Amino acid sequence: MGKKRSDFASQVLTIVRRIPYGRVATYGDVAAAARRPLAHRAVGNIMRTCHDTSVPCHRVIAAEGKLGGYAGDLQRKRSLLMGEGLAVSAGKVRNFAEVRWKAKKN
DNA sequence: GCATTGACTAGGG
DNA sequence: GCCCTAGCCAATG
């Protein structure tokens, strides 16, 4: 680390890193936790440009429990989610409402 | 500094 | 339930 990212990017990465095992959050939730509820697009852009291995980016999914996308292999993202006890079907998390992690304000 | 793009979201048909 | 449109933020050329 040491790479000086934008304050928003750094905040987003911190939020994603706080997502516990077996939980998932939407881009909107992460964006809202980063003080930018309308920056859901920017969150996806940050994850794409700053996909760090220290950040469980696979726990960040789109709304409605949809997986959305992933850097490299989307299938890997699905495998990771299923590996955490999440039921993924048709590119969506069935128990999304149950495993949805409520991001707290910072 | 403007235009384009992206792992998005919500709404309408 | 799917496709298209409009709107938002940040990074890149």
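These figures come from a predicted structure and were not determined experimentally. First the proteins, then the strands, lettered A, B, ... as listed; each starts at 1.
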Q | Nearest atoms (heavy-atom pairs only) where A:L67 meets A:Y27 | A |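 That closest heavy-atom pairing would be O-OH, 4.3 Å.
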Using the side chain to side chain contact (heavy atoms under 4.5 Å, CB included) criterion, which residues pair with [X]? Sequence neighbours excluded.
X: A:K92; result: A:K66
X: A:A63; result: none
X: A:R23; result: A:I19, A:P20, A:W101

Q.
Could you work out, with salt bridge (Lys or Arg N to Asp or Glu O under 4.0 Å) as the rule, every residue matching A:R100, not counting sequence neighbours?
A.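 A:R100: salt bridge (Lys or Arg N to Asp or Glu O under 4.0 Å) contacts with A:D29.
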Q) What pairs with A:E84 under salt bridge (Lys or Arg N to Asp or Glu O under 4.0 Å), at least two apart in sequence or on another chain? A)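 Partners of A:E84 under the salt bridge (Lys or Arg N to Asp or Glu O under 4.0 Å) test: A:R59.
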Q) Among pairs that include at least one residue of residues 36-47 of chain A, which meet salt bridge (Lys or Arg N to Asp or Glu O under 4.0 Å), considering only residues two or more places apart or in two chains? A) none
Q: Mind jotting down which residue pairs meet the salt bridge (Lys or Arg N to Asp or Glu O under 4.0 Å) criterion with at least one end in residues 72-82 of chain A? Sequence neighbours excluded, please.
A: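 Every candidate salt bridge (Lys or Arg N to Asp or Glu O under 4.0 Å) pair involving residues 72-82 of chain A fails, so no pair, neighbours aside, qualifies.
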Atom-pair distance ([atom1] on [X]; [atom2] on [N]), nearest Å:
X: A:R48; N: B:dA7; atom1: CZ; atom2: P; value: 6 Å
X: A:R41; N: C:dA6; atom1: CZ; atom2: C1'; value: 10 Å
X: A:N45; N: C:dC9; atom1: CG; atom2: C1'; value: 8 Å
X: A:L13; N: B:dA7; atom1: CG; atom2: C1'; value: 14 Å
X: A:L67; N: B:dC8; atom1: CG; atom2: P; value: 11 Å
X: A:I46; N: B:dT5; atom1: CD1; atom2: C1'; value: 15 Å

Q.
Contact list please: residues 78-92 of chain A against DNA chain B, heavy atoms, distance less than 4.0 Å, in numerical order.
A.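 Residues of residues 78-92 of chain A that come under 4.0 Å of DNA chain B do not exist, since none gets that close.
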Q. Within a strict 4.5 Å, meaning less than it, do heavy atoms of the A:M47 and A:V30 side chains meet?
A. no
Q. Base, sugar-phosphate alone, or nothing: which one does A:A42 contact when heavy atoms must sit under 4.0 Å apart?
A.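 Base, at least one base atom sits under 4.0 Å.
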Output one line per pair: protein atom, nucleotide atom from nucleotides 9-12 of chain B, and distance, for all N/O pairs under 3.5 Å.
unit_1 : atom_1 : unit_2 : atom_2 : d
B:dT9  : OP1    : A:A63  : N      : 2.6
B:dT9  : OP2    : A:A63  : N      : 3.0

Q | Contact nearer the 5' end of DNA chain C, comparing A:L38 with A:T49 | A | A:L38
Q | Side chain of A:R36 (C-beta onward), nearest among B:dA7, C:dA10, C:dA11 | A | C:dA10
